Number of protein chains: 2
Amino acid sequence: MAEPHELRQRGLRLTPQRELVLSAVRELGHATPEEVAERVRQSHPGINLSTVYRNLETLENVGLVQHTHLGHGGATYHAAEELTHLHLVCGTCGSVGDAPIEVAANFVNSLADDYGFKTDVTHFAVYGTCADCARDDI
Amino acid sequence: MAEPHELRQRGLRLTPQRELVLSAVRELGHATPEEVAERVRQSHPGINLSTVYRNLETLENVGLVQHTHLGHGGATYHAAEELTHLHLVCGTCGSVGDAPIEVAANFVNSLADDYGFKTDVTHFAVYGTCADCARDDI
DNA sequence: CTTGAAGGTGCGAACATCTCGCAATTAGCG
DNA sequence: CGCTAATTGCGAGATGTTCGCACCTTCAAG
């Protein structure tokens, strides 16, 4: 039973770079393209940044990874399987916390009912002040 | 009665560039730094982009304007008075809709109660698919 | 009204990110 | 094995934003 590789299943060629980019994203959890490249270089030093960008895009197109905006400008990538939480970004200390998507369920439903807007809560972070910073009142 | 200018009240010097940047932000609603610069150039052609960036930052520090991330990478600026709505960004057509912040009230309260996280819902857009695109199912 | 110090502006260079074109390489079908 | 199209590496280029520095303005003090 020739169980085809998950990349081949999606019509992609199986290149070492591609596999490494995918596993880097999986290992890193949240990662910028730069961080992915750095991780990949541990086992494949010659990989080019362009290749990382292109593979992230390709992998996103076939649904294996997704990107999220955590602020500033750059996107960060996740394995698609892990997108089960939303991101709480603290504007004071910069920390990124997680919360289950369920906390947004009512909000999402309201937007759907009132505006017909289908929300993907994981795509943008939720911005604010984390508990620690709010307490310290820096 | 010498009502001091709003900029002077906040300890800022009154320069033509500064005033123009502020009024451009007010007139434009949502605007990228580039758009602000373009608007300002209508009455003050020589203004430098750096000056726009610096003034946006300065005005933000004193609370007259705020920036929001609507996606991609760049920030967009608002007059602080107008930040009474959240932004619904459609990933399909790119449109930016508004919704009153009240729709997020429960969500914000949940995050505060369960995580101690004080949310600023206006800072990041809410990403998803707008009613039109969802209907067309493009 | 003058004047000096601090703040602000313009300009160009430097970055940081990300995209693209192109030639060389490689996966995978037949 | 041999071909073709997909993929990679590389360098150049497009953006978007920041920074240093010399010159210019604001404004308060005299």
Side-chain angles (χ1 to χ4, degrees), chain A residues 2-25 30-41 43-62 64-65 67-77 94, chain B residues 2-25 30-41 43-62 64-65 67-77 94:
Chain A
E3 187 71 37
H5 188 285
E6 63 181 327
L7 292 176
R8 307 238 45 232
Q9 277 181 42
R10 324 238 171 180
L12 300 180
R13 284 205 190 164
L14 206 52
T15 67
Q17 292 90 333
R18 193 107 87 195
E19 289 187 87
L20 288 165
V21 167
L22 179 55
S23 45
V25 170
H30 299 155
T32 63
E34 199 66 52
E35 290 164 345
V36 170
E38 200 178 314
R39 184 80 177 75
V40 171
R41 280 198 262 267
S43 51
H44 188 106
I47 196 170
N48 194 280
L49 239 199
S50 309
T51 301
V52 173
Y53 275 101
R54 285 185 289 224
N55 276 324
L56 287 171
E57 189 185 334
T58 303
L59 292 171
E60 185 156 30
N61 286 337
V62 298
L64 287 170
V65 308
H67 76 271
T68 300
H69 294 279
L70 257 36
H72 42 288
T76 66
Y77 286 82
Chain B
E3 188 69 40
H5 189 285
E6 63 181 330
L7 291 175
R8 306 239 43 231
Q9 277 181 43
R10 325 239 171 181
L12 300 180
R13 288 207 187 158
L14 206 52
T15 67
Q17 291 90 336
R18 193 106 87 196
E19 290 187 85
L20 288 166
V21 167
L22 179 54
S23 46
V25 170
H30 299 154
T32 63
E34 199 66 53
E35 290 164 344
V36 171
E38 200 178 314
R39 185 79 177 75
V40 171
R41 279 198 262 265
S43 51
H44 187 107
I47 197 169
N48 195 279
L49 237 198
S50 309
T51 301
V52 173
Y53 275 101
R54 286 185 290 223
N55 277 323
L56 288 171
E57 191 185 333
T58 303
L59 293 171
E60 184 155 30
N61 286 338
V62 299
L64 287 170
V65 308
H67 75 271
T68 300
H69 294 280
L70 256 37
H72 44 288
T76 66
Y77 286 82

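We name chains A, B, ... by the order of the sequence lines, and we start the count at 1 in each one. Values below: all heavy atoms of this structure, side chains included; hydrogens, waters and symmetry mates excluded. What you are looking at is a predicted structure, and each value in this text was computed from that prediction instead of being measured.
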Do the side-chain N or O atoms of B/Tyr53 get closer than 4.0 angstrom to the phosphate oxygens (OP1, OP2) of D/dT17?
-> yes

Measure from CG on A/Asn55 to C1' on D/dT8 and round the result to the nearest Å.
-> 9 Å

Apply ring-ring contact (aromatic ring centres under 6.0 Å, His included) to B/His30 and list each qualifying residue two or more places apart in sequence or on a separate chain.
-> B/His78, B/His87

Taking only N/O atoms, report every protein-nucleotides 23-26 of chain D pair under 3.5 Å with atom names and distance.
unit_1	atom_1	unit_2	atom_2	d
D/dT25	O2	B/Arg13	NH1	3.2
D/dT26	O2	B/Arg13	NH1	3.1
D/dT26	O2	B/Arg13	NH2	3.3

Chain A contact limits on DNA chain C, taken 5' to 3' with a cut-off of 4.0 angstrom to heavy atoms | C/dT17 to C/dC29

With sequence neighbours left out, write down each residue that passes side-chain hydrogen bond (donor to acceptor under 3.5 Å, both in side chains) with A/Ser43, or none if nothing qualifies.
-> none

Tell me, please, which residues at least two apart from A/Glu57 pass side-chain hydrogen bond (donor to acceptor under 3.5 Å, both in side chains).
-> none

side-chain contact (heavy atoms from CB on, under 4.5 Å) partners for B/Gln17, two or more places apart | B/Thr15, B/His44, B/Ile47, B/Thr51, B/Asn55

Would you please name every residue forming a side-chain contact (heavy atoms from CB on, under 4.5 Å) with A/Glu19, sequence neighbours left out?
-> A/His5, A/Leu7, A/Leu14

Answer yes or no: is there a side-chain heavy-atom contact under 4.5 Å between A/Val21 and A/Val40?
-> yes

Across all chains, not counting sequence neighbours, the side-chain hydrogen bond (donor to acceptor under 3.5 Å, both in side chains) partners of A/Asn61 are none

N/O to N/O distances under 3.5 Å, protein versus nucleotides 9-12 of chain D:
unit_1	atom_1	unit_2	atom_2	d
D/dG9	OP1	A/Gln17	NE2	3.1
D/dG9	OP2	A/Asn48	N	3.3
D/dG9	OP2	A/Thr51	OG1	2.6
D/dG9	N7	A/Arg54	NH2	2.8
D/dG9	O6	A/Arg54	NH1	3.3
D/dC10	N4	A/Ser50	OG	3.4
D/dG11	O6	A/Ser50	OG	3.2

Rounded distance in Å - CD (B/Glu60) to P (D/dT17) = 13 Å

Residues passing the side-chain hydrogen bond (donor to acceptor under 3.5 Å, both in side chains) test with A/Arg39, sequence neighbours excluded, are A/Glu27, A/Gln42

Which residues satisfy the side-chain contact (heavy atoms from CB on, under 4.5 Å) test with A/Glu34, sequence neighbours excluded?
-> A/Thr32, A/Arg41, A/Leu49

For the pair made of CD in A/Glu57 and C1' in D/dT8, what is the distance, rounded to whole Å?
-> 15 Å

Taking atom OG1 of B/Thr76 and atom CD of B/Glu35, what is their separation to the nearest 0.5 Å?
-> 8.5 Å

